[in-house]
Amino acid sequence: LLLTAYHEAGHALVSLIVLPEETISKISIIPTTKGAGGYTITIPQDSSYQRINYLKSKITKVDTLINIAGCVVAGPIENIEMSEIRRQFDVNVFGHLEFTKELMELLEGSKIINISSMASFGIFPFISPYCASKRCLDIFFNLLSIENKKNLQIISIKPGAIATPLWEKSICENSKYIDKCTDYTKEMKFLIKNAQKNETKGLSVNKVVDKIIKIDNLKKAKPSYTIGKDAFVANIISKLPQNIINKLVKLSLNTRLKKY
C-alpha cells in the first residue's frame with residue numbers, strides 16, 4: 001500500500017501541474033475489482049466535464065464517435081410506468097442523438113458507431129422498451145447517414161447477450177415491476193434466470209471490443225453488423241412474416257416456461 005500511495009501521489013502532482021484549473025476529487029490506494037492498485041480522479045471546476053463545450057474546448061476533430069450508454073427497462077408492458085418508458089428512450093436514444101448533434105461540427109468525414117443490440121430486431125418479450133429504444137436509435141441514425149452532407153459513416157453494431165454487470169443491475173432496477181407481476185410469475189422467473197445466465201455465459205466483452213476496433217479500421221464499413229450466434233439467429237428470424245415471427249417467439253417462450 002505504501003508503494004501505491006507514492007504512485008497515486010505522483011498522479012496527483014502531475015494533475016496539479018498539467019491541469020491546474022481542475023480539482024482533485026479523490027485519491028484512493030485501495031485496490032479495485034477492475035485490477036487497479038489505486039486511482040486518482042480529477043474533475044473540472046463547476047462540473048464542466050459534463051458539458052459539451054468543455055469537450056469542444058479540448059478537441060477540434062472527432063475521428064470516431066462511439067455511442068454506447070444504455071439501460072434496460074423490463075417487465076410486462078401493461079405494468080411499466082410511462083415515466084420509466086420515457087427514461088428508457090432518454091438514455092438509449094435521445095442522449096445519443098443530442099450528444100451527436102452537439103458534436104456535429106467536429107464530425108466531418110467521421111465514423112459514428114452505435115452499440116445497438118440484437119433486441120432491435122424486436123423479438124424479445126418483456127423487454128419491449130429496450131427493444132423499441134434500440135430500434136429507434138437505428139432508425140434515427142440510419143436516416144442521418146442518408147441526410148447528412150458531412151460524409152459520415154454511421155454503423156450499427158448489434159451484439160447478442162454480452163457478459164457484463166448490466167444484467168444484474170437491470171434486475172435490481174426493474175425489481176418493482178418484476179416482484180409485483182403476480183399474473184406473470186413464471187415469465188418473470190425466466191426473465192431473471194436468463195439475465196443471470198447472460199451475465200456469465202454471454203459474449204466476452206473483449207470479443208465485442210475487438211470487433212468494434214476492426215470495424216473502425218475499415219475504410220468503408222457496412223451500415224450494420226451482428227456479433228454472436230444469438231444475434232445472427234435473431235436477424236434471420238426478424239426477416240420472416242410477422243405472424244410467423246409471433247408464433248415462433250411464443251412457442252420458444254412457452255417451451256422455456258415449462259421449466260418453471
Side-chain angles (χ1 to χ4, degrees), residues 70-80 82 84-85 88-89 91-93 114-143 155-164 166-171 173-175 177-205 207-208 211 215 222-260:
C71 68
V72 179
V73 172
I77 297 173
E78 62 195 87
N79 292 352
I80 302 174
M82 286 305 300
E84 280 296 283
I85 295 175
Q88 177 77 95
F89 277 76
V91 175
N92 288 15
V93 183
N114 290 329
I115 308 304
S116 181
S117 168
M118 67 176 179
S120 67
F121 297 124
I123 61 171
F124 300 98
F126 303 107
I127 55 168
S128 57
Y130 183 69
C131 293
S133 69
K134 290 298 186 179
R135 183 60 180 158
C136 184
L137 180 73
D138 285 344
I139 291 172
F140 262 128
F141 277 85
N142 184 63
L143 290 173
I155 301 112
S156 170
I157 297 180
K158 302 174 178 67
I162 306 174
T164 73
L166 175 67
W167 297 102
E168 185 63 36
K169 181 180 179 182
S170 298
I171 294 172
E173 287 185 346
N174 292 284
S175 60
Y177 300 115
I178 294 173
D179 295 343
K180 295 178 181 178
C181 291
T182 54
D183 293 337
Y184 297 93
T185 303
K186 288 185 177 181
E187 288 85 351
M188 295 304 100
K189 285 182 179 178
F190 162 70
L191 196 67
I192 292 172
K193 197 71 175 178
N194 194 56
Q196 291 171 337
K197 180 195 75 174
N198 289 338
E199 184 159 347
T200 57
K201 303 295 185 181
L203 284 167
S204 161
V205 172
K207 181 177 181 179
V208 178
K211 183 73 171 181
I215 292 170
K222 296 188 297 185
S224 178
Y225 293 85
T226 59
I227 306 177
K229 293 179 181 178
D230 48 355
F232 176 79
V233 172
N235 186 21
I236 297 299
I237 293 174
S238 71
K239 298 181 186 302
L240 297 172
Q242 192 64 54
N243 62 326
I244 302 297
I245 293 174
N246 292 350
K247 288 180 181 179
L248 288 174
V249 172
K250 285 183 180 180
L251 178 62
S252 175
L253 179 62
N254 289 336
T255 301
R256 295 183 180 190
L257 291 179
K258 288 179 180 178
K259 299 177 182 179
Y260 301 93

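Basis for what follows: all heavy atoms, side chains included, without hydrogens, waters or symmetry-related copies.
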Trainee: Is a donor on one side and an acceptor on the other found under 3.5 Å between the side chain of Ser133 and the backbone of Tyr130?
Mentor: yes
Trainee: Is the side chain of Asn92 donor-acceptor paired with the backbone N or O of Leu137 at a distance under 3.5 Å, no angle test?
Mentor: no
Trainee: Using only atom types and a distance under 3.5 Å, with no angle test, would you say the side chain of Asn235 pairs donor to acceptor with the backbone of Ala231?
Mentor: no
Trainee: Would you call Pro125 and Lys250 a side-chain contact if the rule is heavy atoms closer than 4.5 Å?
Mentor: no
Trainee: Heavy atoms only: give me the nearest Cys181-Met188 pair and the separation to one decimal.
Mentor: CB-CG, 3.7 Å
Trainee: May I ask you to check whether over 12 heavy atoms, not counting those of Phe232, lie within 6.0 Å of atom CZ?
Mentor: no
Trainee: Answer yes or no: are there more than 12 heavy-atom neighbours, outside Phe190 itself, under 6.0 Å from its atom CZ?
Mentor: yes
Trainee: Are the ring centres of Tyr184 and Phe126 closer than 6.0 Å?
Mentor: yes
Trainee: Taking atom CZ of Phe124 and atom OG of Ser252, what is their separation to the nearest 0.5 Å?
Mentor: 9.0 Å
Trainee: Check whether Gln88 reaches the backbone of Cys71 with its side chain - one donor and one acceptor, N or O, closer than 3.5 Å.
Mentor: yes
Trainee: Any heavy-atom pair between the side chains of Ile227 and Ile157 that's under 4.5 Å?
Mentor: yes
Trainee: What's the spacing between Lys186 NZ and Lys258 NZ if we round to 0.5 Å?
Mentor: 10.0 Å
Trainee: With rounding to the nearest 0.5 Å, note down the distance linking CG in Asn198 to CG in Leu166.
Mentor: 10.0 Å
Trainee: May I ask you to check whether over 12 heavy atoms, not counting those of Ile77, lie within 6.0 Å of atom CD1?
Mentor: no
Trainee: Are Val233 and Met118 close enough that some pair of their side-chain heavy atoms sits under 4.5 Å apart?
Mentor: no
Trainee: Counting N and O atoms only, with roles assigned by atom type, does the side chain of Asn174 sit under 3.5 Å from a partner on the main chain of Gly75, one being a donor and the other an acceptor?
Mentor: no
Trainee: Of all heavy-atom pairs between Val93 and Cys136, which one has the smallest distance, and what is that distance?
Mentor: CG1-SG, 3.9 Å
Trainee: Can you check whether Leu251's main-chain N or O pairs, donor with acceptor, with Thr255's side chain at less than 3.5 Å?
Mentor: yes
Trainee: When you look at Ile123 and Ile245, which way does the side-chain contact (heavy atoms from CB on, under 4.5 Å) test go after all the steps?
Mentor: CA-CA 8 Å; Ile123 61 171; Ile245 293 174; 3.7 Å; yes
Trainee: Between Asp138 and Ser116, does any side-chain donor sit less than 3.5 Å from a side-chain acceptor?
Mentor: yes
Trainee: State, yes or no, whether a side-chain contact exists between Glu187 and Leu257 at a heavy-atom distance under 4.5 Å.
Mentor: yes
Trainee: Carefully, step by step, assess Ile155 and Tyr225 under the rule side-chain contact (heavy atoms from CB on, under 4.5 Å).
Mentor: CA-CA 8 Å; Ile155 301 112; Tyr225 293 85; 3.7 Å; yes
Trainee: Could you tell me the separation between the CD1 atom of Ile192 and the CH2 atom of Trp167, rounded to the nearest 0.5 Å?
Mentor: 13.5 Å
Trainee: Measure from the side-chain N and O atoms of Lys134 to the backbone N and O of Phe121, and report whether any donor-acceptor pair falls under 3.5 Å.
Mentor: no
Trainee: Just verifying a value: how many Å separate Asn79 CG and Tyr177 OH, rounded to the nearest 0.5 Å?
Mentor: 9.0 Å
Trainee: Glu168 side chain to Glu199 main-chain N or O, any donor-acceptor pair under 3.5 Å?
Mentor: no
Trainee: Provide the closest heavy-atom pair for Pro159 versus Ile115 in the form atom of the first, atom of the second, distance.
Mentor: CG-CG2, 4.3 Å
Trainee: Testing the basics here: between Ala74 and Ile127, what is the closest heavy-atom pair and its distance to 0.1 Å?
Mentor: CB-CG2, 3.9 Å
Trainee: Between atom CG of Asn194 and atom CD of Gln196, what is the distance when rounded to the nearest 0.5 Å?
Mentor: 9.5 Å
